[in-house]
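Residue indices begin at 1 and follow the sequence shown. It should be emphasised that the depicted structure is a prediction, and the values quoted were computed from it without experimental measurement.
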Amino acid sequence: MEKNLKQLTNRIHYLPHDSETDRPILSAICGDDETLIIDAGNSDNHAKLFLGVLNQNQIANYHSVVLTHWHWDHCFGTNQMNLLTIAHENTKMHLEKMMEYDWSDEALDNRVEKGLENQFCSDMIKKEFGENRNITITLPNTTFKDKYEIDLGGIRCVVKHVGGDHSDDSSLIFVEEEKVLFLGDCLYPSVYEQQPQYKIENVRHLLENIEMFDAEIYVLSHEHPFSKDDFMGYIMLLKLICDLTEKHQRNHSNLVNELSTQLNRELSQLEEEIVFCFINGLSVD
Ligand SMILES: [Zn+2]
């Protein structure tokens, strides 16, 4: 488990993701006057760990915490953070719904059975919290519809709502001075459907939004940060699969064959999974 703070740029630090209990990356953007935190973590322990390592590195003067979207792993640490919390208005709406939930094993299993909760999240919540499930959901203090700008002193952050298949409230954070774009989970497929999905038109729209920001480093919450070259490769792959899904529709073998020909190699497991998500996302008519 990664417990040390890493430096992304001169003024941005982060605690790496931890797949053991699906902890996302938590980041701190340090302005001359104030510090912005991105995402609150998946539990009190996760939030405490992050605040602890920031403290060890003399990082303080918090402006607020911005939530990239409402999923548990990004929000359950909000209460422990105890800071001004900024999020998209839909993030607040989803969290309000979640406040009514019971987090016992029985209640979780029940929601998985009804399709209200995803099996993976349920397993990870049980693993992160163990028996002692002290989950307090805290609502954002400030919400926005399209965009929110924060001046930390010598460094400005733009929070922009982009939505997408993963979650309708997904927002990204762009730090122009450092040329870093924080994407949260917005590029991942939906997780609350029966099968994970990508819809061609949603992915295209999302990529258009992302390409408006000129960054050098791209941060996805559950991976190591991407260089521009690697990220552009990923974007090109998604665009290519959009085009090939549009062309071949549900004909999986033709789709895979043409993709493999264009890439001039066998598909990786990730690429196979992406193709599967796009086929799932085709509308039934
Ligand atoms: Zn998510």
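Within a 6.0 Å radius of CD in Glu211, more than 12 heavy atoms belonging to other residues, nucleotides or ligands are found. Applying the 6.0 Å contact sphere to CZ of Arg204 captures more than 12 heavy atoms from other residues, nucleotides or ligands. Met232 CE: more than 12 foreign heavy atoms inside a 6.0 Å radius. Other residues, nucleotides and ligands contribute over 12 non-hydrogen atoms within 6.0 Å of the CD atom of Gln7. For His252, the NE2 atom sits in a packed shell: over 12 heavy atoms of surrounding residues, nucleotides or ligands are nearer than 6.0 Å.
Between Tyr198 and Asn280, the closest side-chain pair of non-hydrogen atoms is not below 4.5 Å. Residues Val175 and Glu178 are in side-chain contact: their nearest non-hydrogen atoms beyond the backbone lie under 4.5 Å apart. Under the 4.5 Å side-chain criterion, counting only non-hydrogen atoms from C-beta, Leu270 is in contact with Ile274. Considering only heavy atoms from C-beta on, Glu273 stays 4.5 Å or farther from Leu267 through its side chain. The side-chain heavy atoms of Ile279 and Cys277, taken from C-beta on, include no pair separated by under 4.5 Å. Side-chain contact between Glu20 and Glu128 is absent, with no heavy-atom pair separated by less than 4.5 Å. In this structure the side chain of Val65 never reaches within 4.5 angstrom of the side chain of Asp39, judged on heavy atoms. Between Leu26 and His13, the closest side-chain pair of non-hydrogen atoms is not below 4.5 Å.
Both Ile235 and Tyr188 belong to a single network of hydrophobic side chains, linked directly or stepwise wherever heavy atoms of I, L, V, M, F, W or Y lie under 4.5 Å apart. When the side chains of ILVMFWY residues are joined at heavy-atom separations under 4.5 Å, either directly or via intervening members, Leu83 and Ile29 end up in two distinct hydrophobic clusters. Phe174 and Leu36 sit in two unconnected hydrophobic clusters of ILVMFWY residues. Membership requires side-chain heavy atoms under 4.5 Å apart, directly or through other members. In the hydrophobic clustering of ILVMFWY residues, with side-chain heavy atoms under 4.5 Å counting as a link, Leu183 and Ile150 come out apart. Transitive grouping of hydrophobic side chains (ILVMFWY, heavy atoms separated by less than 4.5 Å) keeps Leu5 and Tyr14 in distinct clusters.
Within the structure, every pair that satisfies the salt bridge (charged side-chain N to carboxylate O under 4.0 Å, His left out) test and touches residues 90-108, not counting sequence neighbours, is listed here: Asp105-Arg133.
Screening His222, His17, His46 for a side-chain hydrogen bond (donor to acceptor under 3.5 Å, both in side chains) with Asp73, the sole residue that qualifies is His222. Considering Thr9, Leu181, Ile12 in turn, Thr9 is the only one that fulfils the side chain to side chain contact (heavy atoms under 4.5 Å, CB included) rule with Ile217.
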- [ ] Evaluate the side-chain contact (heavy atoms from CB on, under 4.5 Å) criterion for residues Asn134 and Asp44: first the C-alpha distance (whole Å), next the side-chain angles of each, then the deciding distance (0.1 Å), finally the verdict.
- [x] CA-CA 8 Å; Asn134 56 332; Asp44 285 0; 3.4 Å; yes
Open item on the list: Between Ile200 and Asp243, does the side-chain contact (heavy atoms from CB on, under 4.5 Å) criterion hold? Intermediate values first, please.
Closed with: CA-CA 8 Å; Ile200 298 170; Asp243 295 346; over 6 Å; no
Open item on the list: One pair to check against side-chain contact (heavy atoms from CB on, under 4.5 Å): Glu216 and Val180. What are the steps and the verdict?
Closed with: CA-CA 6 Å; Glu216 292 295 332; Val180 177; over 6 Å; no
- [ ] Run the numbers on Phe226 and Leu220 for side-chain contact (heavy atoms from CB on, under 4.5 Å), then give the verdict.
- [x] CA-CA 8 Å; Phe226 283 71; Leu220 276 70; 4.1 Å; yes
- [ ] Would you sort out whether Asp123 and Gln119 count as a side chain to side chain donor-acceptor pair (under 3.5 Å), showing the intermediate values?
- [x] CA-CA 6 Å; Asp123 293 345; Gln119 183 69 56; 3.0 Å; yes
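Judged by distance alone, the side chains of Glu117 and Ser122 never bring a donor and an acceptor atom under 3.5 Å apart. With 3.5 Å as the limit, one finds a donor-acceptor pair spanning the side chains of Asp185 and His69. With 3.5 Å as the limit, one finds no donor-acceptor pair spanning the side chains of Glu89 and Thr143. Under the 3.5 Å distance criterion, with hydrogens and angles disregarded, no donor-acceptor pair is assigned to the side chains of Asn61 and Thr35.
Checked by atom type and distance alone, the side chain of Thr142 never pairs as donor or acceptor with a backbone atom of Pro140 at under 3.5 Å. For the pair Asn42 (side chain) and Thr21 (backbone), a donor-acceptor distance under 3.5 Å is present. A donor-acceptor pair under 3.5 Å is formed between the side chain of Gln249 and the backbone N or O of Glu246. With hydrogens and angles disregarded, a donor-acceptor distance shorter than 3.5 Å links the side chain of Asn57 to the backbone of Val53. In this structure, Ser227 contributes its side chain and Asp230 its backbone to a donor-acceptor pair below 3.5 Å. At least one donor-acceptor pair under 3.5 Å links the side chain of Tyr62 to the backbone N or O of Ile59. Not one N or O on the side chain of Asn79 forms a donor-acceptor pair closer than 3.5 Å with the backbone of Thr138. Side chain of Asn90 to main chain of Met93: no donor-acceptor pair is present (N/O by atom type, distance under 3.5 Å, no hydrogens or angles). A donor-acceptor pair is defined here as one N or O able to donate and one able to accept, closer than 3.5 Å; such a pair exists between the side chain of Thr245 and the backbone of Ile241.
Ring centroids of His88 and His94 are separated by 6.0 Å or more, keeping the two rings apart. Taking the six-membered ring for Trp and the full ring otherwise, the centers of Phe231 and Tyr218 sit less than 6.0 Å from each other. Separation of the Trp70 and Tyr192 ring centroids falls under the 6.0 Å cut-off. In this structure, the ring of Tyr101 has its center no less than 6.0 angstrom from the ring center of Trp72.
The two residues Cys186 and Leu206 come nearest to each other via the heavy atoms O-CD2, 3.2 Å. Taking each heavy atom of Phe50 and Ile37 in turn, the nearest pair found is CE2-CG2, 3.8 Å. Minimum interatomic distance between Lys199 and Asp165 (heavy atoms only, all atoms of both residues): N-OD2, 2.8 Å. Residues Leu15 and Asn4 share a closest heavy-atom pair of CD1-O, 3.7 Å. Between Pro225 and Val219, the shortest heavy-atom distance links the atoms CB-CG2, 4.3 Å. Heavy-atom minimum distance, Leu67 versus Cys75: CD1-SG, 3.8 Å.
Between Lys160 and Asp146 a salt bridge is recorded (basic side-chain N to carboxylate O distance below 4.0 Å). A salt bridge links Lys126 to Asp109: one of the charged nitrogens lies within less than 4.0 Å of a carboxylate oxygen. Classification of Arg265 and Glu271 as a salt-bridged pair holds, one side-chain N sitting under 4.0 Å from a carboxylate O. Ion pairing between Arg11 and Glu177 fails under the 4.0 Å rule for side-chain N and carboxylate O.
With sequence neighbours excluded, no residue forms a salt bridge (charged side-chain N to carboxylate O under 4.0 Å, His left out) with Asp229.
Note that the CZ atom of Phe278 and the CG atom of Leu244 stand 10.0 Å from one another [nearest 0.5 Å]. Note that OG1 of Thr78 is 7.0 Å distant from CG of Leu95, once rounded to the nearest 0.5 Å.
In this structure, Phe76 and Trp103 have perpendicular ring planes: the angle between them is above 60°, well past the 30° mark.
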